[in-house]
Amino acid sequence: MKIDHLYEAARTSRRRHRLHGTTLAIAAALTVAASAPAQAQVARIETVVVDCARRLGPADQVRDFLAAGGGLEAVAGDADHPLVQAWRDLGMRRITYEKIHIETPEEIPFLTVTRSPAGDIDIDFSAWDEHLRNAVENLGSTPFLHLGAIPQALSSHPEADNYWAYQPQSLDEWQSFVARIVEHTVNVLGLVGLSYGVNGEPDHPDTWKGSGSGDPNQTLREHIELYAATYRGVKSADPAAQVGGPATMSWQASRYTTDPPFVLADWIRALAQYNQEQTSDPAVTLDFVAWQDYSWVSDQISDGADAVSGFLEENGFDPATPKMIGDSGWGSWSSDYFDGTLEPHQRASHLLHNVIREFRDPRARKFLAGILYYCFFFREDWVTPGFEAEMETLRRVALVICRLDGGYDRTPIYAGFEMVAAMTRGDIVQTIAPAALAAMATRDDLADSVAATVNNHHAETFQTELVLRNLPRTDGLVYVRLQRIDSAHSVAGQGLEAPSSEALRVSDGMLRLPLTLEAYGSVQVSVRPIRIFAQDFTPDLLP
């Protein structure tokens, strides 16, 4: 609504139709009018009631729940780059750097590691410093670092193409090497208490080979020894640091590969056995336990958290150990319906569905530490000749977040992040899940505003009434902004419609909004006050 029509809207809204004392002036504007996909059934009716007075915890926790990794190192040091700006807009707090020791041509090395003729290990930290300073200063994020890929100078198989997948020549040298990295990070960059993960996908035979014996039991034991040496190296340099692992492909046997040498339960059991045998050394524990989710057996990421808690308890570890989930299922945290035809808006639905479930009660979250969401940023002007077909494929994959210059042309998964980022101020007031429709709301008393996200993670359409009770403003005109993600507003993953907005009147602290949520559709409604007089008019409340 244009500013010059604002006062007229305030007058006419009083005369519009009312239901239980609440305006329904924007029924058409707030209806997700997308045509339902072919698999959708007849629409069901569902009422979602959000009590904005039920405070559950600080909404700021959401910032620690999601993180990104990959891509941003390409623009390190460029504070004005659109990709850097996009990440700042999202406002999440963690960024993960993986395979930081790989120096192959297709990777951007974070550390250049060489061995002198005398056999000493030299480390060039210039790229490392640049990337970590970029994370902290330009992105406002805390780095999360993976210390598992073995540099060629330390590898026991330096002649192999995948030298980084083999164990170090010496675990003592590796431990000293790790300690030097952490000491530099603390003393030069001033970054204390960072999280360090050990390797990723050690249960994949191409990612961790150990000595190369091919014996699953020996390969597992060798990775436990690598973890222990890394743990001791990190802790010797920074006792406040958090060390964990092993970022297996799944919390159970993964469908990503056949016949893995071990699974996460085996790894946890082997670590407990290692500690029993090492009576002369302090126990090596898990400050956090990490896994990915290449299983496609459940669309609830919390199922893995329940299972892993059991693995920990069975082996004498604290079942409440913080849990992290890494990159998975092409950015959709996997699901039992995952296949190559999953549309971009369905992937966004899966993301929002799991965030809502996780914050059903922020005080009893399944994941007590940040969930690592792996995403690449991609720009159209990075495309090289002959790359058009691959670009089209990348646009359709939720893993890719397109932030192109000009216009509202972000992918659905980016819009999903925007929805989450819009809910990080004030308090979480109510989360409804599981239910036919899941909803999450936050309340910001400083701005007299409420944001509510409703997610339909089903293959059917719902006619919905969203009822917001006990709003911060009990009476008066409010500005309502709607953003939606569905098949009509997710054209091949290439663009989204700009948010729509309208003026409504709140009566007795209540607002009723009719919505239609198509299959795998999501919608976010933001409610803010409108001030119609010059002395209290606030332009920043308008689009």
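Any value given below was found using the heavy atoms of this structure, including those in side chains, with hydrogens, waters and symmetry copies removed. Predicted model, so just to flag it, every value in this text is computed and none were measured.
At least one side-chain heavy atom of Glu225 sits less than 4.5 Å from a side-chain heavy atom of Leu171. Residues Leu189 and Trp128 have side chains in contact (heavy-atom distance under 4.5 Å, counting atoms from C-beta outward). The closest side-chain heavy-atom distance from Pro205 to Pro261 is below 4.5 Å. At least one side-chain heavy atom of Glu222 sits under 4.5 Å from a side-chain heavy atom of Trp208. Residues Gln292 and Ile325 are not in side-chain contact: their nearest non-hydrogen atoms beyond the backbone lie 4.5 Å or more apart. Looking only at side-chain heavy atoms (C-beta outward), Lys323 and Trp291 come within less than 4.5 Å of each other. By the 4.5 Å heavy-atom criterion applied to side chains, Leu264 and Pro246 are counted as neighbours. Put simply, the side chain of Val243 does not reach to within 4.5 Å of the side chain of Leu147, judged on heavy atoms.
Side chain to side chain, Asp124 and Ser126 meet the donor-acceptor criterion of an N or O pair below 3.5 Å. With hydrogens and angles left out, the side-chain atoms of Asn455 and Ser522 include a donor and acceptor closer than 3.5 Å. For His457 and Ser349, the side-chain atoms include at least one donor-acceptor pair closer than 3.5 Å. Judged purely by distance below 3.5 Å, without hydrogens or angles, the side chains of Ser211 and Gln218 pair a donor atom with an acceptor atom.
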Step-by-step side-chain contact (heavy atoms from CB on, under 4.5 Å) determination, Val62 to Met440: CA-CA 12 Å; Val62 178; Met440 178 179 178; 3.9 Å; yes
Step by step, would you call Glu173 with Ile121 a side-chain contact (heavy atoms from CB on, under 4.5 Å)? CA-CA 9 Å; Glu173 185 179 53; Ile121 293 296; 3.7 Å; yes
Test side-chain contact (heavy atoms from CB on, under 4.5 Å) on Gln167 and His223; report intermediate values, then the result. CA-CA 8 Å; Gln167 66 184 15; His223 193 264; over 6 Å; no
Assess whether side-chain contact (heavy atoms from CB on, under 4.5 Å) is satisfied between Arg180 and Ile123, documenting all intermediate values. CA-CA 9 Å; Arg180 285 178 61 188; Ile123 308 173; 3.8 Å; yes
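Here the NE2-CZ distance, from His184 to Phe125, works out to 5.0 Å after rounding to the nearest 0.5 Å. Here the straight-line distance linking atom OG1 of Thr248 with atom CG of Asp203 works out to 5.0 Å at 0.5 Å rounding. To the nearest 0.5 Å, atoms CG (Leu271) and CG (Asn315) are separated by 9.0 Å. Here the CD atom belonging to Gln273 is positioned 10.5 Å from the CD atom belonging to Gln278, to the nearest 0.5 angstrom. Annotation: the span from Gln524 atom CD to Met419 atom CE amounts to 5.5 Å, rounded to 0.5 Å. One finds the CZ atom of Phe311 at 7.0 Å from the CD1 atom of Ile268 (value rounded to the nearest 0.5 Å).
Using a distance-only test at 3.5 Å, with no hydrogens or angles considered, a donor-acceptor pair links the side chain of Ser141 to the main chain of Met92. Checked by atom type and distance alone, the side chain of Asp318 pairs as donor or acceptor with a backbone atom of Ala320 at under 3.5 Å. Not a single donor-acceptor pair under 3.5 Å links the side chain of Ser155 to the backbone N or O of Pro151. Side chain of Asn275 to main chain of Val284: a donor-acceptor pair is present (N/O by atom type, distance under 3.5 Å, no hydrogens or angles). With hydrogens and angles ignored, the 3.5 Å screen pairs a side-chain donor or acceptor of Asn187 with a backbone N or O of Glu183. Between the side chain of Gln169 and the backbone N or O of Ser156, no donor-acceptor pair lies under 3.5 Å. Without hydrogens or angle criteria, Thr207 side chain to Pro202 main chain gives no donor-acceptor distance under 3.5 Å. With hydrogens and angles ignored, the 3.5 Å screen pairs no side-chain donor or acceptor of Ser302 with any backbone N or O of Ala305. Of the possible donor and acceptor atoms, none in the side chain of Arg94 sits under 3.5 Å from a partner among the backbone N and O of Thr142. Under the 3.5 Å distance criterion, the side-chain polar atoms of Asp266 are matched with a main-chain donor or acceptor of Val263.
Checked against a 6.0 Å centroid threshold, the rings of Phe359 and Phe65 count as neighbours. With ring centers used as reference points, Trp267 lies under 6.0 Å from Tyr227. Centroid-to-centroid, the aromatic rings of Phe144 and Phe288 come within less than 6.0 Å. Centroid-to-centroid, the aromatic rings of His157 and Tyr163 stay 6.0 Å apart or farther.
Closest approach of Lys209 to Asp206, counting heavy atoms only: NZ-OD1, 3.9 Å. The two atoms that bring Ile428 and Ala59 nearest to each other are CG1-CA, 3.7 Å, heavy atoms only. Taking both residues in full, the closest heavy atoms of Ala459 and Tyr520 are given as CB-OH, 3.6 Å, listed atom of the first, atom of the second, then distance. When every heavy atom of Val136 is checked against every heavy atom of Pro143, the shortest pair comes out as CG2-CD, 4.1 Å. Across Asp486 and His489, no two heavy atoms sit closer than the pair OD1-ND1, 2.8 Å. Pairing each heavy atom of Thr453 with each of Ile356, the nearest pair is O-CD1, 4.0 Å.
Aromatic ring pairs are classed by plane angle as parallel below 30°, tilted from 30° to 60° and perpendicular above 60°; the pair Phe177 and Trp174 is tilted.
Residue pairs meeting the side chain to side chain donor-acceptor pair (under 3.5 Å) criterion with at least one partner in residues 232-246, sequence neighbours excluded, are Arg232-Tyr274, Lys235-Asp287.
Electrostatic pairing of Asp60 and Arg93 counts as a salt bridge here, judged by a charged N lying under 4.0 Å from a carboxylate O.
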